Amino acid sequence: MALIIYLTASVIFILGIIIFRKKVTDYAFTILFLSAQWGFAIYEYYNQNIVQLDYFTPDAIGLIFLFVLNIVGTTSIFYSFIYFQHNNDAQRARSIYFAALLTLITSLSAAYLANHIAILWIFVELTTLSSSILIYHNRTEKSLEATWKYLFISSLSVALIFIGIQFLGLAVQQAKLSGMFFPDLYKNAARLDEFWLKAAFLLVFTGFTVKAGLAPMYTVGIDAKDKAPTPAAAIFSSAIMNVGFLGIFRMFEIMSKTTVYHWASIVVIISAAISVLISASYMVRVKRFKRMLAYSSIEHMGIIMLGMAMGGIGYYGAILQTILHSLAKSSLFYQCGSIFRVMNSKFIKDSGNYFELNTFGSVIVILGFFIITAMPPSGLFVSEFMIFRSMFEANYLWLMIIMLVLLSFIIWSMGENLFKLLFGKSENLQINADSKRISFFETLPQLLLLAGSVYLGFYPPPFLHNLIKQALVNLQ
Amino acid sequence: MINVLMLVFIMTLFVCSTAGRLRTFIKVIALQGVLLFGFFLVQLNEINTANLILLLLETIIIKAIAIPYFLEYLIKKNKLTREAEPYISNFSSIFIFTCANLVLFFLANTIKGGIFQNIFFVGSISTIFTGFYLIILRHKIITNVIGFIIIENGVVVLSLTVGNEMPMLVNLGILLDIFVTVLVLGIFANKLGDVFKEGEVDQLIKLRD
């Protein structure tokens, strides 16, 4: 029931924004939507594992991502308001932006809770469509190019997922079973045909890499995060990557019950290791801040997937890292918005002296740098430590050493770029005099997100700990 | 009957692999829509009214009328009457394509085991292959969209093989999703046509590190 109310309310709010196209109504409907979103999430938390409308079950992993989405979505909407205060876009473009943002959040929420593989597919495709509108927001030639690439490659990948689902259906049919609900699939996985399971896993995995940001389909995600407005890019880098992770995770749960589990984890290891390698090699030569953050997301998703493939404590570490990475990365993306406003440029070479221009923002940059590179005060250190420990336990010491070397490259180049921003001197600084002063309250949510990612890493509250434990029940 | 329909379907793929004019692609897509409806009619033994309406909507209305009409509009608006230039010549194209299909059907015949004997399965793999082939080897933006539509047709044929018992509601959702995707792809292809007059994929190289 709550789900129907939530979905209808979202549709009404989105339509309201599109129809009225006024600043006041944009704000009013977005805030109404946020309250509906939080109400819905809390309701689902207290109704765990109860099937709703046949196709939706708030299970542990879905709830974790739903709450991450709520946090990131709320801050993204807050920063969207700020973004529009400093940009004179047409009112029509703003309303379309908000409508697309709300559609994205709604379809992500539904995708997290879907318990049927085809329903998950439908909502993942919806996220592609709504995020393409967000990427196109600036209506420049480059954003058009990014939009086209994202839309086209995502649609193709999603078509691959669908072929994978058909193959899975074939396996289900050959085993004389019925139903493609996840609980049925987990229960009957051992009886499915190996060949079709392998084919299905390959296709579904490849398809979801476009959302998760892993090799081979990661490229369009980078362009998307680069060209979308920063508040939307924060969602791309957290909640959308989580939906890709969720798709792979659910497929992985099915595989874990079968004899081809080892094969599947090797596929995942290959893709994850290549992703970290790609991230490290592009990070060295990256020219724009947002692309740098996007490549860093790819590195994190690679490490998360390594944790998934290694098993043991790695599972726990992987899920913890997705949560912490979502919070920390979105905070850095929001800070990017302030950096662009002060520096008037998106390029690393045109930036410098940020420490004097915006001291509190610089503190965020420094803290964010330490947290995102998983240096000890960071919560990500805990999760990465778990993942590397699982690699050690799974006898992948050589891979662990390679990964650590690649990580140090990433830390070095990220540090170089960010400290250039803070203290560097540049010939062609084009400081924007109007937006020199960035208010304390504008930066505060970023600090809270970073603090949250530290706190949750070291002292995960009991409810979070229980949720993660429950999410892993099917894997052990 | 099924074999005849399937043969016609695979012939449309051969036309695609060598087609020069964009209009040919549109006619092929419309024909494929009608053929898909034929498949469904022959394949499904007992059919209730609701399902029939859904199938009619999916194949005839959307695949055979709405999408071709929309593509026609796009081509007219962007003045893309010129031929779709392939990267490789038509002769090598049809040669590769024939070889690929031969290998596929030969393999399918040698493998013993239920599904590979099914002509729908082999046909759908061939269709999906054609779609990817078009996307990779043609360099117009509009031919990419056409390739995507052909892949989706292949997926529909595949779902016929599997005969999956996806509930009606799920099918409706999938259908809507695919239609909206094609629509949005078309809208952005149109915008690309406004910005990049040639409409070539090679022009999309601005974003890189």
Side-chain angles (χ1 to χ4, degrees), chain A residues 53-55 116-119 121-126 128-129 132-133 136 139-149 151-152 154-156 158-160 162-163 165-174 178-180 193 195-196 219-220 222-223 226-227 282-283 285-288 291-292 295, chain B residues 111 113-116 118 121 124-125 128 131-132 135 141 144-145 147-152 154-167 169-178 180-189 191-196 201 203-209:
Chain A
L53 294 183
D54 296 345
Y55 294 110
H116 189 286
I117 193 162
I119 299 286
W121 182 87
I122 291 172
F123 285 104
V124 167
E125 178 67 28
L126 259 182
T128 306
L129 298 175
S132 63
I133 298 170
Y136 186 55
R139 287 166 175 62
T140 57
E141 219 170 86
K142 279 184 183 168
S143 68
L144 182 58
E145 184 185 331
T147 311
W148 174 256
K149 284 180 174 169
L151 184 62
F152 191 70
S154 289
S155 305
L156 270 187
V158 171
L160 285 184
F162 197 71
I163 300 171
I165 293 175
Q166 300 287 0
F167 284 175
L168 197 64
L170 207 62
V172 169
Q173 208 184 28
Q174 279 187 355
S178 65
M180 299 276 281
D193 182 60
F195 175 78
W196 293 116
T219 46
V220 289
I222 304 274
D223 295 340
D226 182 22
K227 286 301 152 210
Y282 274 101
M283 194 75 102
R285 46 185 281 207
V286 76
K287 294 193 182 70
R288 278 166 264 191
R291 286 182 94 84
M292 181 179 78
Y295 280 116
Chain B
I111 297 174
I115 196 73
F116 286 104
N118 191 329
F121 182 78
S124 71
I125 301 291
I128 292 165
F132 279 109
I135 289 170
I141 287 162
N144 280 358
V145 180
F148 178 74
I149 295 168
I150 290 176
I151 290 176
E152 290 296 351
V155 174
V156 171
V157 181
L158 185 65
S159 73
L160 249 164
T161 329
V162 180
N164 62 2
E165 289 112 38
M166 294 239 188
L169 197 70
V170 178
N171 270 327
L172 200 68
I174 292 167
L175 164 67
L176 255 173
D177 248 20
I178 291 173
V180 175
T181 308
V182 172
L183 211 68
V184 175
L185 275 172
I187 290 167
F188 280 108
K191 290 220 191 294
L192 280 168
D194 294 344
V195 178
F196 306 100
V201 177
Q203 289 169 311
L204 302 174
I205 46 159
K206 287 240 171 71
L207 289 174
R208 57 182 168 190
D209 287 294

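The shown structure was predicted, so the numbers you read here are calculated from the model rather than taken from an experiment.
Outside the 6.0 Å centre-distance limit, the rings of F188(B) and F152(A) are not counted as a close aromatic pair.
When each of I128(B), N144(B), V195(B) is checked for heavy-atom pairs under 4.5 Å with chain A, N144(B) comes out on top. Among the candidates I163(A), V286(A), L126(A), the residue making the largest number of heavy-atom pairs closer than 4.5 Å to chain B is I163(A).
Within 6.0 Å of the OH atom in Y282(A), the count of heavy atoms belonging to other residues, nucleotides or ligands does not exceed 12.
Between the CD1 atom in I151(B) and the CG atom in L156(A) there is a gap of 5.0 Å [rounded to 0.5 Å]. For the atom pair CG (L160(A)) and CZ (F132(B)), the distance works out to 4.5 Å, reported to the nearest 0.5 Å. One finds the CD1 atom of I178(B) at 8.0 Å from the CD atom of E125(A) (value rounded to the nearest 0.5 Å). A distance of 9.5 Å separates CG in L192(B) from CD in E141(A), rounded to the nearest 0.5 Å.
You'll find the side chain of F162(A) stays beyond 4.5 Å of the side chain of L158(B), heavy atoms only.
Of the atoms belonging to S155(A), heavy atoms from both backbone and side chain fall under 4.5 Å from chain B. The contact between S132(A) and chain B is made by backbone and side chain atoms together, counting heavy-atom distances below 4.5 Å. Both the backbone and the side chain of L185(B) come within contact range of chain A, with heavy atoms under 4.5 Å apart. Heavy-atom distances place both the backbone and the side chain of I141(B) under 4.5 Å from chain A. Contact of L129(A) with chain B is made through the side chain alone, with heavy-atom distances under 4.5 Å. At a 4.5 Å heavy-atom cutoff, L168(A) makes no contact with chain B through either its backbone or its side chain.
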Could you walk me through whether K191(B) and W148(A) satisfy the side chain to side chain contact (heavy atoms under 4.5 Å, CB included) test, starting with their C-alpha distance in whole Å, then the side-chain angles of each, then the deciding distance to 0.1 Å, before giving a yes or no?
CA-CA 10 Å; K191(B) 290 220 191 294; W148(A) 174 256; over 6 Å; no

